[in-house]
Chemist: 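For reference, the structure I am asking about is given below.
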Amino acid sequence: MKPSHHRSGGFRNSNPDIVIGNFPWYEMVWRGLRGDFTPLAKPAGGYDGFARDWSMPVDRARLAVRRIEPVVTWLGHVTVLLQVAGLNILTDPTLAGFAGPYGRYGAPRMVPAPLMPHELPPIDLVLVSHNHYDHLCDATIAGMIAAGQQPRILVPLGLKAWFDARDIGPVTELDWWDSVDVPTRVAGAHLRIHFTPSQHWSRRTPFDTNATLWGGFMLEWHRRGAQPWRFLFPGDTGYSGDFKRIRERLGPVDFLAVPIGAYLPRDFMKAMHANPADAVQILLDLEAKQAMGVHWGTFRLTQEAFDQPPRDLAVALRERGLRPDAVWLLRHGETRAIPLASG
């Protein structure tokens, strides 16, 4: 018997009433013409000012050192370099100048990427959440491979064929709740990686809507004499009951990379993209000890100004009685150590 999220020719969300991606072409044209995919206002100080305020030089010497205890570096949008257990793990590598075909078309990047693909440290593991151009970037993957990177790549069901066509591997496909074990560089420790559900959709061409799965990745760092340390990268998602189920099945989260941007206009984006209030609820559902905001302030994708998510996030945290730094807002290129005893 097929899982309930499988359908003929593709996949659907946990809640079958939430169907995303079946947009007629004329609706997308109309929304584009009325400005649904362009910020209604520039950030205070303009885009150049925003880039200066929200960027910093990458500490390349620090990134060159393999870390045992967890360290994160935000490379913009959803690209996070997690260094833990001696491994370098990269989420949704997207370092090109556009979120679109070949990194040359589509939504423009308004804050320069902190690193180019050939400047990345040796990457052991790449996690790809779904088949959208701002998460699976042709140019970035090609640049990494051309630079000699040979990571293991984990992808949702149906997406291995994209890598096979480019002779890139090894690639492992995962369904929701599947898990794989990854050896670490630390004796007596390993990573267990679970592919978790999210509420979203997938498409790369006009002909492959929801043909490949979408989701997130829970990483559990198992060490001798300690409870597992858990990191969740949920990928793109609207708010749903999936996060309470993740908590119930896999346990509370120590560190969460939660999406906080690309949420306006709400009538169109609500089902697929969390806003800051949703992000805070996701944090609470997962009992996350600490989070960082991703999926904001990088590509010109939606109506909210680039500096709106931090303001909305501050309000959402205050309304739920949470400390202002419960969700870190890193600058592009910033590296920060994650305290194991946080909370």
Chemist: Assess whether atom CD of E69 is packed by more than 12 heavy atoms of other residues, nucleotides or ligands within 6.0 Å.
Modeler: no

Chemist: For the pair K2 and D175, find out whether any cationic side-chain nitrogen is under 4.0 Å from an anionic carboxylate oxygen.
Modeler: no

Chemist: Looking only at non-hydrogen atoms, find the nearest pair between G297 and F50 and report the distance.
Modeler: O-CE2, 3.5 Å

Chemist: Would you say CG of D325 has more than 12 non-hydrogen atoms from neighbouring residues, nucleotides or ligands within 6.0 angstrom?
Modeler: yes

Chemist: Checking D92 against S129: is there a side-chain donor and acceptor pair closer than 3.5 Å?
Modeler: yes

Chemist: Roughly how far apart are M218 CE and L191 CG, rounded to 0.5 Å?
Modeler: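 Reported value, rounded in 0.5 Å steps: 13.0 Å.
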
Chemist: Is any side-chain heavy atom of V186 less than 4.5 Å from a side-chain heavy atom of I68?
Modeler: yes

Chemist: Please tell me if the side chains of V72 and L81 come closer than 4.5 Å, counting only heavy atoms from C-beta onward.
Modeler: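 They are not in contact (no side-chain heavy atoms under 4.5 Å apart), so the answer is no.
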
Chemist: Check each of K289, R230, Q227 against D254 using the side-chain hydrogen bond (donor to acceptor under 3.5 Å, both in side chains) test, and report the only one that passes.
Modeler: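 Looking at K289, R230, Q227, the match for D254 under the side-chain hydrogen bond (donor to acceptor under 3.5 Å, both in side chains) is K289.
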
Chemist: Tell me whether L286 shares a hydrophobic cluster with W229, the cluster being built from Ile, Leu, Val, Met, Phe, Trp, Tyr side chains joined at under 4.5 Å.
Modeler: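 As far as the 4.5 Å side-chain criterion goes, W229 and L286 are connected within one cluster.
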
Chemist: Would you confirm whether R7, through its side chain, and F11, through its main-chain N or O, come within 3.5 Å as a donor-acceptor pair?
Modeler: yes

Chemist: Judged by atom type as modelled, is there a donor-acceptor pair below 3.5 Å linking the side chain of E287 to the main-chain atoms of V253?
Modeler: no

Chemist: So among N88, L87, I193, L82, which one has a side chain to side chain contact (heavy atoms under 4.5 Å, CB included) with L125?
Modeler: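 Per the side chain to side chain contact (heavy atoms under 4.5 Å, CB included) rule, the option paired with L125 is I193, out of N88, L87, I193, L82.
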
Chemist: Could R166 and W162 be counted as a cation-pi pair, given that NZ or CZ must be under 6.0 Å from the ring centre and within 45° of the axis?
Modeler: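 Yes; both conditions hold, so R166 lies above the ring face of W162.
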
Chemist: Would V182 end up clustered with L90 when hydrophobic side chains under 4.5 Å apart are linked, directly or stepwise?
Modeler: no

Chemist: Between W214 and N13, is any side-chain donor less than 3.5 angstrom from a side-chain acceptor?
Modeler: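 Yes, side-chain donor-acceptor contact under 3.5 Å.
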
Chemist: Please determine, by modelled atom types, if Y239 and D285 share a side-chain donor-acceptor pair under 3.5 angstrom.
Modeler: yes

Chemist: How far apart are the closest heavy atoms of V258 and A291, and which atoms are they?
Modeler: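 Minimum heavy-atom separation between V258 and A291: CG1-CB, 4.3 Å.
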
Chemist: So does A189 get a backbone contact from the side chain of H222, meaning a donor-acceptor N/O pair under 3.5 Å?
Modeler: no

Chemist: Rounded at 0.5 Å granularity, tell me how far CG in L322 sits from CZ in R318.
Modeler: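 Separation between the atoms: 12.0 Å.
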
Chemist: Do H332 and E334 have side-chain atoms, one donor and one acceptor, less than 3.5 Å apart?
Modeler: no

Chemist: Run the salt-bridge test on K244 and E248 with the 4.0 Å N-O cut-off and return the result as yes or no.
Modeler: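 Here K244 does not pair with E248 in a salt bridge, since their nearest N and O are not under 4.0 Å apart.
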
Chemist: Are any side-chain N or O atoms of S202 and backbone N or O atoms of T212, one a donor and one an acceptor, separated by less than 3.5 Å?
Modeler: yes

Chemist: Tell me the closest heavy-atom pair linking P93 and C137, and the distance in Å.
Modeler: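 Nearest pair, atom of P93 first, then C137: O-CB, 3.5 Å.
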
Chemist: Sort out for me which residue in I153, L95, I168 forms a side chain to side chain contact (heavy atoms under 4.5 Å, CB included) with I141.
Modeler: I168

Chemist: Please find the pair of heavy atoms, one from S55 and one from A51, that lie closest to each other, and give the distance.
Modeler: OG-O, 2.7 Å

Chemist: Where do G215 and W176 come nearest, in terms of heavy atoms and distance?
Modeler: CA-NE1, 4.1 Å

Chemist: Under 3.5 Å, is there a donor-acceptor pair between the side chain of E304 and the main chain of L264?
Modeler: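 Indeed, once roles are kept as given, a pair shorter than 3.5 Å links the two residues.
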
Chemist: Between D48 and R52, is there a salt bridge with N-O shorter than 4.0 Å?
Modeler: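 No.
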
Chemist: In Å and rounded to the nearest 0.5 Å, what is the CE to NE2 distance from M272 to H200?
Modeler: 7.0 Å

Chemist: Using the ring-ring contact (aromatic ring centres under 6.0 Å, His included) rule, pick out the option among F233, W177, F217 that qualifies with F195.
Modeler: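 Only one of F233, W177, F217 forms a ring-ring contact (aromatic ring centres under 6.0 Å, His included) with F195, namely F217.
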
Chemist: Classify the ring geometry of H132 against H130: parallel below 30°, tilted from 30° to 60°, perpendicular beyond 60°.
Modeler: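 Perpendicular: the ring planes of H132 and H130 meet at over 60°.
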
Chemist: Are there more than 12 heavy atoms of other residues, nucleotides or ligands under 6.0 Å from atom CZ of F23?
Modeler: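 Counting other residues, nucleotides and ligands, CZ of F23 exceeds 12 neighbours.
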
Chemist: For the pair Q290 (side chain) and L256 (backbone), establish whether a donor and an acceptor sit closer than 3.5 Å, ignoring hydrogens and angles.
Modeler: no

Chemist: Check whether R109 reaches the backbone of G97 with its side chain - one donor and one acceptor, N or O, closer than 3.5 Å.
Modeler: no

Chemist: Compute both the distance and the angle, then confirm whether R331 meets the cation-pi test with W74: under 6.0 Å from the six-membered ring centre, within 45 degrees of the axis.
Modeler: no

Chemist: Considering only NZ, NE, NH1 and NH2 on the basic side and carboxylate oxygens on the acidic side, decide whether D124 and R185 come within less than 4.0 Å.
Modeler: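 Result for this pair is yes, salt bridge flagged.
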
Chemist: Give a yes or no on whether the backbone of A316 and the side-chain of R320 come within a donor-acceptor separation of less than 3.5 Å.
Modeler: no

Chemist: When the ring centroid of H295 is compared with that of H135, is the distance short of 6.0 Å?
Modeler: yes

Chemist: On a heavy-atom basis, which atom in P309 and which in I260 lie closest, and how many Å separate them?
Modeler: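 Taking every non-hydrogen atom into account, CB-O, 3.7 Å.
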
Chemist: Let me see the working for Q199 and N15 under side-chain hydrogen bond (donor to acceptor under 3.5 Å, both in side chains), right down to the final yes or no.
Modeler: CA-CA 8 Å; Q199 183 171 287; N15 181 350; 5.4 Å; no

Chemist: Supply the atom-to-atom distance E119 CD to R60 CZ, rounded to the nearest 0.5 angstrom.
Modeler: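 Those atoms lie 4.0 Å apart.
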
Chemist: Spell out, yes or no, whether F306 and L301 are grouped together once hydrophobic residues are joined by side-chain heavy atoms under 4.5 Å, including indirect joins.
Modeler: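 No.
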
Chemist: Students often mix this up, so state it plainly: with edges at 30° and 60°, are the rings of W296 and W54 parallel, tilted or perpendicular?
Modeler: perpendicular

Chemist: For side chain to side chain contact (heavy atoms under 4.5 Å, CB included), just list the numbers for F268 and H273, CA-CA rounded to whole Å, side-chain angles, deciding distance to a tenth of an Å, and then say yes or no.
Modeler: CA-CA 9 Å; F268 185 67; H273 287 162; over 6 Å; no

Chemist: Quick check on the hydrophobic clustering: are L159 and L127 connected, directly or via other members, by side-chain heavy-atom contacts under 4.5 Å?
Modeler: no

Chemist: Going by heavy atoms in the side chains, are F163 and I145 under 4.5 Å from each other?
Modeler: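 Answer no - side chains too far apart.
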
Chemist: Please confirm whether the backbone N or O of V80 pairs with a side-chain atom of T91, one donor and one acceptor, at under 3.5 Å?
Modeler: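 Yes, T91 side chain to V80 backbone: donor-acceptor pair under 3.5 Å.
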
Chemist: Quick check: is V71 connected to L232 through a chain of hydrophobic side chains (ILVMFWY, heavy atoms under 4.5 Å apart)?
Modeler: no

Chemist: Going through the distances and angles, do T298 and M110 end up as a side chain to side chain contact (heavy atoms under 4.5 Å, CB included)?
Modeler: CA-CA 6 Å; T298 307; M110 307 306 292; over 6 Å; no

Chemist: Can you measure from CG (L250) to OG1 (T196) and round to the nearest 0.5 angstrom?
Modeler: 7.5 Å

Chemist: Look at the side chain of T73 and the backbone N and O of T335, then say whether any donor-acceptor pair between them is shorter than 3.5 Å.
Modeler: no

Chemist: For R31 and D267, what are the C-alpha separation, side-chain angles and deciding distance, and is it a salt bridge (Lys or Arg N to Asp or Glu O under 4.0 Å)?
Modeler: CA-CA 12 Å; R31 286 185 176 278; D267 70 298; 3.0 Å; yes

Chemist: Between R34 and D36, does any NZ, NE, NH1 or NH2 come within less than 4.0 Å of an OD or OE carboxylate oxygen?
Modeler: yes

Chemist: Could you check whether D278 pairs with R266 (Lys NZ or Arg NE/NH1/NH2 to Asp/Glu carboxylate O, under 4.0 Å)?
Modeler: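 Salt bridge flag = yes for R266 with D278.
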
Chemist: Between D208 and R204, is the closest basic N to carboxylate O distance under 4.0 Å?
Modeler: no

Chemist: Does the side chain of D134 come under 3.5 Å of the side chain of T94 through a donor N or O and an acceptor N or O?
Modeler: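 Absent: no donor and acceptor within the cut-off.
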
Chemist: Working to the nearest 0.5 angstrom, can you tell me the gap between I123 CD1 and R152 CZ?
Modeler: 15.5 Å

Chemist: Do S198 and T237 get their side chains close enough for a donor-acceptor pair, meaning under 3.5 Å?
Modeler: no

